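So the structure is just underneath, and the comments pick up after that.
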Amino acid sequence: MILKPTRKGLQLAQVLEKEGISNRRVLDTIASTPREHFIPDALKHKAYENTALPIGQGQTISQPYIVARMTELLLAQDVAPMHILEIGTGSGYQTAILTQLFKQVFSVERIKTLQFQAKRRLNQLDLHNVKMKHGDGWQGWASKAPYDAIIVTAAAKEVPQALIAQLSEHGRMVIPVGEGSQQLLCIDNKKEQRSQTSVETVKFVPLIAGELA
Ligand code: SAH
C-alpha cells in the first residue's frame, strides 16, 4: 500500500505550513499519513486537529506540529540521514512518518501494550522498514548503533549519555529536556565537536526510566 494524500491530511499540512514548517517532504508525508489510524475510537473525530491527544496508559500522541518540526530538524543535516532511532514509540504515528522519510527506523517503547498496538498499526499500513523493541529508552538500542539521527519523544531530565554514545560522528539528536519547563534541544555531532542549540519551549510526557510489562 502506498499512502496517498487525503483532504483532511492536506488541510493539516496547510496548517503546519502556516505555523512555520517548510520541508516539503515532511508536509507531504503529513498529508498522506492517516492520523486517525493511531487514535482511540472515541477521539478519531479530532485526528486532524493540531493537538496532542490521549492514547491510554497516561500517554499522548504528540501534536502534529511538533512531529513535523522534529522530523524536519532531523532531515536538515549535511549528510542525508538514513538510520534513525526513536525513543517513545507511543501510538506509532511519529514512527509512521519516519518510515516514509528514512531508510531504516528503530523504535523503543517502555509500555508493552502500546508497542504491540503500534506494531500492528504500522503493519496494517504496510510500513515495514521499522524494528521495534520493548525496553528502556534511557539505554537506547546499542546493538544497532550508530544512528545518523535520534529522536526522543518524551522529556528527559537530562540528556541520556547512552544516546549521545550511540549517535554517529556526524549525527543529530532532537530531544525535549527539562522538568516543568522543557526545551527542545538539537544536538549535533561534528566529528570531535559537539554543539547544542535550544529550538523552542515544548510540553512532553516524561521519559521514565525502566520498562513496563
Ligand atoms: N511519538 C509518540 C509519543 C508518545 S508519548 C506519539 O506521537 O504517539 C511518549 C512515549 O514515550 C510514551 O509512549 C511513553 O510510554 C514512552 N516512554 C516514556 N519513557 C520511556 C523510556 N524510558 N523508554 C522508552 N519509551 C518511553
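Treat the numbers as computed from the prediction; the structure is a model and nothing was measured. Ligands are counted one by one from 1 in listed order, and the atoms in each one are counted from 1 as well.
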Quiz item: Is a side-chain N or O of T6 found less than 3.5 angstrom from the main chain of S32, in a donor-acceptor match?
Solution: no
Practice problem: Tell me yes or no: between the side chains of Q94 and S62, is some donor less than 3.5 Å from an acceptor? | Solution: no
Quiz item: Between the main-chain N or O of Y93 and the side-chain N or O of R35, is there a donor-acceptor pair closer than 3.5 Å?
Solution: no
Practice problem: Enumerate the atoms of ligand 1 whose separation from the nearest heavy atom of P206 is less than 4.0 angstrom. | Solution: 18 (C), 19 (N)
Quiz item: Cut-off 3.5 Å, side chains only: do Q115 and T89 have a donor facing an acceptor?
Solution: no
Quiz item: Which ligand 1 atoms are under 4.0 Å away from a heavy-atom of S62?
Solution: 1 (N), 3 (C), 6 (C), 7 (O)
Exercise. Just need the protein heavy atom nearest to atom 8 (O) of ligand 1, so name the residue and atom and give the distance.
Key: S91 OG, 2.6 Å
Quiz item: Within the structure, does Y93 bring an N/O atom to less than 3.5 angstrom of an N/O atom in ligand 1?
Solution: no
Quiz item: What protein heavy atom is closest to atom 22 (N) of ligand 1, reported as residue, atom name and distance in Å?
Solution: I208 O, 2.5 Å
Quiz item: Relative to the heavy atoms of Q59, which atoms of ligand 1 are at a distance of less than 4.0 Å?
Solution: 12 (C), 13 (O), 14 (C), 15 (O)
Quiz item: Among all protein non-hydrogen atoms, which one is nearest to atom 9 (C) of ligand 1, and what is the separation to 0.1 Å?
Solution: T153 O, 3.3 Å
Exercise. Test salt bridge (Lys or Arg N to Asp or Glu O under 4.0 Å) on R24 and E17 and set out the steps.
Key: CA-CA 9 Å; R24 201 66 251 163; E17 194 170 2; 3.5 Å; yes
Practice problem: Below 4.0 angstrom from a heavy atom of Q94, which ligand 1 atoms are there? Numbered from 1 as shown, please. | Solution: 1 (N)
Self-check item: Geometric N/O contact L114 with ligand 1, under 3.5 angstrom
Solution: no
Practice problem: Below 4.0 angstrom from a heavy atom of V108, which ligand 1 atoms are there? Numbered from 1 as shown, please. | Solution: 24 (C), 25 (N)
Practice problem: Measure I61 to ligand 1 on non-hydrogen atoms and call it side chain, backbone, both or neither using the 4.0 Å cut-off. | Solution: both
Self-check item: Same apolar cluster (I L V M F W Y, side chains within < 4.5 Å links), V177/L85
Solution: yes
Practice problem: For ligand 1, note which part of E109 has a heavy atom under 4.0 Å away: side chain, backbone, both or neither. | Solution: both
Practice problem: Return the residue, atom name and 0.1 Å-rounded distance of the protein heavy atom closest to atom 25 (N) of ligand 1. | Solution: R110 N, 3.3 Å
Quiz item: Does G135 reach ligand 1, in the sense of a heavy atom lying below 4.0 Å from it?
Solution: yes
Quiz item: Going only through I, L, V, M, F, W and Y residues with side-chain contacts under 4.5 Å, is there a path from I87 to L122?
Solution: no
Quiz item: For ligand 1, which atoms have a heavy atom of G137 less than 4.0 angstrom away?
Solution: 21 (C), 22 (N), 23 (N), 24 (C)
Quiz item: Are side-chain heavy atoms of D136 and R110 found at a separation under 4.5 Å?
Solution: no
Quiz item: Hey, which of L3, D28, V26 is the one that makes side chain to side chain contact (heavy atoms under 4.5 Å, CB included) with Q100?
Solution: L3
Practice problem: Name the closest protein heavy atom to atom 5 (S) of ligand 1, giving the residue it belongs to and the distance to 0.1 Å. | Solution: T60 O, 3.1 Å
Quiz item: Do we see a donor-acceptor contact under 3.5 Å between the side chains of Q183 and T201?
Solution: yes
Quiz item: For ligand 1, which atoms, with element, lie under 4.0 Å from some heavy atom of W138?
Solution: 22 (N)
Practice problem: Would you please indicate if the ring centroids of F106 and H83 are separated by under 6.0 Å? | Solution: yes
Quiz prompt | Part of T95 within contact of ligand 1 (heavy atoms, under 4.0 Å) | solution = neither
Quiz item: Counting from 1, what ligand 1 atoms have a heavy atom of G88 closer than 4.0 Å?
Solution: 1 (N), 2 (C), 3 (C), 10 (C), 11 (O), 16 (C), 25 (N)
Quiz item: Would a hydrophobic clustering, with Ile, Leu, Val, Met, Phe, Trp and Tyr connected at side-chain separations under 4.5 Å, put L207 with L98?
Solution: no
